[in-house]
Structures are given as structure tokens and as C-alpha cells.
Protein chains: 2
Amino acid sequence: MVAKKKNVIDFSSSLPEIWRMLSDTEREMLRSSARIVHFKKNELIYLEDETPKELMCLFTGKVKIFKSGIGGRSQIIRIIRPVQYFGYRAYFARESYVTAAMAFESCTVCMIPMELIEKFLRKNGNLALFFIQMLSLDLGIADQRVVNLTQKHVRGRLAESLLGLKDSYGLEEDGATINIYLAREDLASLSNMTTSNAIRTLSNFVNERIIAIDGRKIKIIDEERLHKISRMG
Amino acid sequence: MVAKKKNVIDFSSSLPEIWRMLSDTEREMLRSSARIVHFKKNELIYLEDETPKELMCLFTGKVKIFKSGIGGRSQIIRIIRPVQYFGYRAYFARESYVTAAMAFESCTVCMIPMELIEKFLRKNGNLALFFIQMLSLDLGIADQRVVNLTQKHVRGRLAESLLGLKDSYGLEEDGATINIYLAREDLASLSNMTTSNAIRTLSNFVNERIIAIDGRKIKIIDEERLHKISRMG
DNA sequence: GTATATTTGTGTTTTAGAACATAGTTCTAT
DNA sequence: ATAGAACTATGTTCTAAAACACAAATATAC
């Protein structure tokens with residue numbers, strides 16, 4: 001039997017920022033306490049109200065971070081792409097998770113005990129700054145999102161989501177199709193609208209030749225128009 | 001002439017968390033580079049697109065952090081009370097400010113060069129953790145706010161804002177009147193609604209004996225009802 | 001491979017809240 | 001002290017988007 005892949009993970013390329021900032025001893029500690037976990041499509045990675053214990057780094061796959069709101073209506077807060085870190089905010093805030101995370105598709109995630117990370121960053125100013133910068137960027141995005149979701153109309157919000165998905169997950173070989181396979185319901189939850197409205201507005205975009213649809217696959221035809229619609233709200 | 005108050009600021013009580021974590025040398029450096037600035041009611045403290053240079057700590061007064069959204073429609077993102085730090089996120093993210101800050105009322109603010117703070121926290125794990133924790137708490141609040149502002153109805157959002165104002169600024173001696181003097185327009189901007197709707201909904205709350213109004217002063221009569229309205233959306 | 005569940009699509013109805021209009025009231029500046 | 005500006009209040013109209021209803025098309029499980 002061939003050696004399992006998980007034992008020969010190249011952390012230096014998989015955990016780029018963190019790995020680079022550590023000393024040799026720290027790297028060894030990290031290597032021995034990190035674990036790789038696989039999640040199937042639609043599997044939950046962590047749940048609201050759980051106690052955060054590990055820093056997670058998405059190696060492969062796609063993840064959504066979501067919140068269940070009023071009357072259980074759930075809302076996607078952000079999406080994670082390889083190689084991004086997630087799951088650490090609540091630990092640092094000394095809170096339970098206020099969000100949940102689910103695999104959009106089959107995923108591999110590296111889990112590192114948060115105690116270890118906290119220990120490292122107390123000594124390692126660069127690592128501390130790295131986390132401060134990630135949190136600061138996310139907070140800026142969250143502030144922007146408040147304005148976008150509350151002030152833009154349905155078309156603007158959907159256009160913005162499509163552009164955001166393209167930014168996060170890129171395009172397929174044809175240079176136009178967004179590289180994600182997403183249910184209309186998720187697209188709606190990301191854009192803060194009902195599923196009906198996501199479907200309807202998507203159809204409108206097709207009629208206006210801004211996008212093309214093949215099942216769940218979305219091809220961007222007129223990106224400039226999308227930008228304009230997103231900007232105008 | 002009497003010595004100016006600003007020269008005898010007691011940093012140990014005014015900058016509680018940060019001061020406590022510093023060494024004597026660091027304290028001396030901070031003392032010599034910090035400056036105290038006074039802002040009059042409605043004066044701008046910093047502007048969108050400016051370059052962030054200083055950590056700010058509100059000693060006295062009340063401050064709003066706001067963003068101008070689609071078509072210049074402005075929205076209050078968060079409010080600051082004494083003694084809270086603000087104005088540092090954009091520096092850490094290596095961005096320009098994406099928000100602006102304005103004094104609700106006459107304020108004193110302590111300004112500390114961010115370069116100094118960054119230098120300190122690279123060496124000082126506790127200080128780094130302090131900023132990480134503040135950012136993590138704010139990010140959690142921002143995520144919650146996205147759901148609240150997009151899913152709750154007007155009544156729920158207004159009830160939530162009133163309770164938030166009470167939490168931030170407390171009550172007056174009567175144990176019921178919220179200790180802030182706020183225009184309806186600001187209350188609307190905080191709750192993501194039009195001024196008309198803020199006024200109308202406030203009137204409804206008065207009719208329902210949940211609150212009482214005397215000009216801009218708001219007295220909470222039935223806090224339990226407010227909580228219920230806020231929770232139900 | 002077929003049955004069942006889920007997702008997608010579209011038309012219709014309803015409603016919350018924005019937009020607008022106008023008047024009375026309270027600040028604020030000189 | 002008074003004029004003008006800004007804020008508060010309330011009624012009316014209009015509209016975007018939610019809610020609902022029901023096919024049709026896919027996906028998933030057994």
C-alpha cells in the first residue's frame with residue numbers, strides 16, 4: 001500500500017504566510033500538532049455555539065461561513081478559498097462560534113491548535129501582525145458589506161456577488177465561466193435575497209446578455225455591465 | 001494663569017489597557033509622543049480616504065463612525081464611547097480610511113502615532129493580543145450587524161438601536177432616559193431606515209407606552225418589550 | 001432504474017418601507 | 001432678538017421585493 005498523502009503534506013507551500021514566519025523549533029511543533037481533515041460536500045466543519053479550538057487553513061475545496069438569522073433564515077457571511085485561514089476569530093474574542101462553516105464541495109482542511117498559535121504569536125511580532133492584518137482586512141470588508149447589503153437593490157447585490165465569486169474562485173478554462181457550482185439558494189443567501197428573486201434576476205441578466213447560464217454554471221459575458229450594475233446599486 | 005489640563009493628563013487611568021501592558025521605557029515614549037486633541041460638536045475627526053496615522057482613544061464625549069454609501073447616503077457603522085480605541089483598523093490593513101469619524105458632542109481624543117504602537121506590539125505579545133481581541137470582537141459584532149440590519153424589520157432595528165445606545169452611553173440619573181442627545185436622522189442612519197420611518201416608529205413606540213419622548217431625549221419605559229421586539233425582528 | 005425529494009422557473013398577490021409633500025417646531029448664528 | 005436653516009411630525013402615494021402557489025426539471029437515494 002502506498003504511503004498516505006496526508007503524511008507527506010508540504011507545509012511550507014500549504015501554510016505559506018505562517019510557515020514563513022516561524023522558527024525551526026516552532027515549525028517542528030506545528031508539524032507535530034497539525035492534523036489534516038477531509039470534509040465531504042455539504043459536511044459541517046464547525047457549528048454555531050461550539051467552542052473554537054483550532055485555526056483552520058483550507059488547502060483544497062470551497063467553504064462557506066454562514067449565520068442563522070431571524071427565524072432560522074440563514075445567511076452566508078463570507079466564503080473561503082484555498083489557501084485561506086478561518087475559524088480563529090471567535091477564539092481570539094474568547095467567544096463561542098457565532099457562525100457555522102460548511103464545505104461547498106469536497107475539502108481538505110489543516111487544523112492547528114489555537115493554543116499553539118497564541119503561544120507563537122505572543123513571542124513572534126510578525127505572526128501577531130499577520131493576524132492583526134487579516135482581522136483588519138476582514139473587518140473592513142464586513143463594514144463595506146453592511147452598506148452594500150442594506151443600500152443596494154436586488155440587481156446590484158446579485159451583480160456584486162457574481163463578481164465576488166469570480167474574484168474568489170476564478171474562471172474556468174474558457175475564461176468566462178465562474179469556477180463554482182452553486183445552488184440558487186446559496187447565491188440568494190450570499191446576496192441577501194429570496195431564492196425566487198435570485199432566479200428571476202439571474203434570468204433577467206441572461207435576457208440582457210450580461211451572463212449565460214447552463215444549469216448551475218454561470219458564464220460572465222459582459223463584466224463591465226456587471227460592475228456598473230453593482231456600483232449603481 | 002493656571003497650568004493647562006492637557007499637560008497633566010493621567011494616562012494610567014485614561015489609557016487603561018494599553019498603559020498597563022507597557023514597560024517604563026515604553027510608557028515614557030508614549031507619553032512624549034501622545035497628543036490630546038479637542039473636537040467640537042459635529043467636527044470631523046478623520047475622513048474617508050485619508051491615510052491613517054494615529055491610534056485614537058476617546059477620553060470624553062461621543063463619536064460616530066460612519067460610511068457614505070450608494071448615492072452619498074450615509075450610514076453609521078458604530079459608535080464610540082469613553083474609553084474606547086478607534087481609527088487603527090485601516091492602518092493595520094494598510095488601507096486608507098474607508099469610514100469617517102465625527103464628534104456627536106464635544107470630545108477629547110488622545111492621539112498616538114501608529115508607528116509607535118506597531119513597534120510596541122511587535123515586541124509585546126500582550127499588547128498584540130489586546131489588539132487582536134479588539135478586532136475579533138468588532139468583527140463578530142459586524143457579522144451580527146449584517147444579519148440584524150438585513151433581516152429585521154423597521155421596529156426590530158429601531159428597538160435594537162435604542163438598546164444599543166443604552167448599552168453604550170448608559171442612562172441618566174432617573175434610571176430610564178438614554179444618555180445621548182441624538183437627531184432623528186442619526187437614529188435612522190444607525191438603524192438603516194429613513195428619517196421619516198425613525199420618527200414614525202418612535203411615535204408608535206410612544207403610543208404603545210414602550211418609550212417616552214421629550215424632544216431628543218428618549219426614556220425607556222418597557223425595556224422588556226424593546227428586547228422582545230428586537231429579538232423577533 | 002425507478003421513485004422520491006430537491007431544486008429551478010414563472011406568474012400572481014401582498015406588503016413593508018421608501019419617496020414625496022407639507023407644515024409646525026426648534027436650533028443656531030449673527 | 002430675529003431670520004433662516006435644520007429638524008420633527010404626519011399624511012399620502014408608489015414601488016421593490018417578499019410571500020405564495022404551482023409546474024417542470026434535476027438530483028439523490030434505494
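Hydrogens, waters and symmetry mates are skipped; everything else that's a heavy atom, side chains included, is used. Note that the coordinates shown come from a computational prediction; the quantities given were computed from them, not determined experimentally. Protein chains get the first letters and strands the later ones, always in sequence-line order, with residue 1 at the start of each.
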Under a 3.5 Å threshold, yes or no: a donor from one side chain and an acceptor from the other, between [X] and [Y]?
{"X": "B:T51", "Y": "B:S96", "result": "no"}
{"X": "B:N204", "Y": "B:E208", "result": "no"}
{"X": "A:S168", "Y": "A:K62", "result": "no"}

Requested in this report: If the plane angle is over 60° it's perpendicular, under 30° parallel, otherwise tilted; pick one for B:F11 and B:F59.
Outcome: perpendicular
Requested in this report: Answer yes or no: is there a side-chain heavy-atom contact under 4.5 Å between B:N148 and B:R157?
Outcome: no
Query raised in the report: Would a 4.5 Å heavy-atom cut-off, applied to side chains only, mark A:K219 and A:D214 as touching?
Result: no
Nearest-Å distance for atom pair [atom1]/[atom2], residues [X] and [N]:
{"X": "B:I70", "N": "D:dA16", "atom1": "CD1", "atom2": "P", "value": "16 Å"}
{"X": "B:Y181", "N": "D:dC7", "atom1": "OH", "atom2": "P", "value": "11 Å"}
{"X": "B:Q151", "N": "D:dA18", "atom1": "CD", "atom2": "P", "value": "11 Å"}
{"X": "A:K217", "N": "D:dT26", "atom1": "NZ", "atom2": "P", "value": "17 Å"}

Query - Point-to-point distance, once rounded to the nearest 0.5 Å, from CG of B:D186 to CZ of B:F104 - result: 5.0 Å
Requested in this report: Give me the one residue out of A:N197, A:T195, A:L190 that meets side chain to side chain contact (heavy atoms under 4.5 Å, CB included) with A:M193.
Outcome: A:N197
Requested in this report: Could you run through nucleotides 4-21 of chain C and give me one letter per nucleotide, 5' to 3': B if any protein heavy atom sits under 4.0 Å from the base, S if only the sugar-phosphate is that close, - if neither?
Outcome: ---SSBBBB----SSBB-
Query - Bracket string, DNA chain D, 5' to 3' - pairs by Watson-Crick or G-U geometry under 3.5 Å, | interstrand - result: ||||||||||||||||||||||||||||||
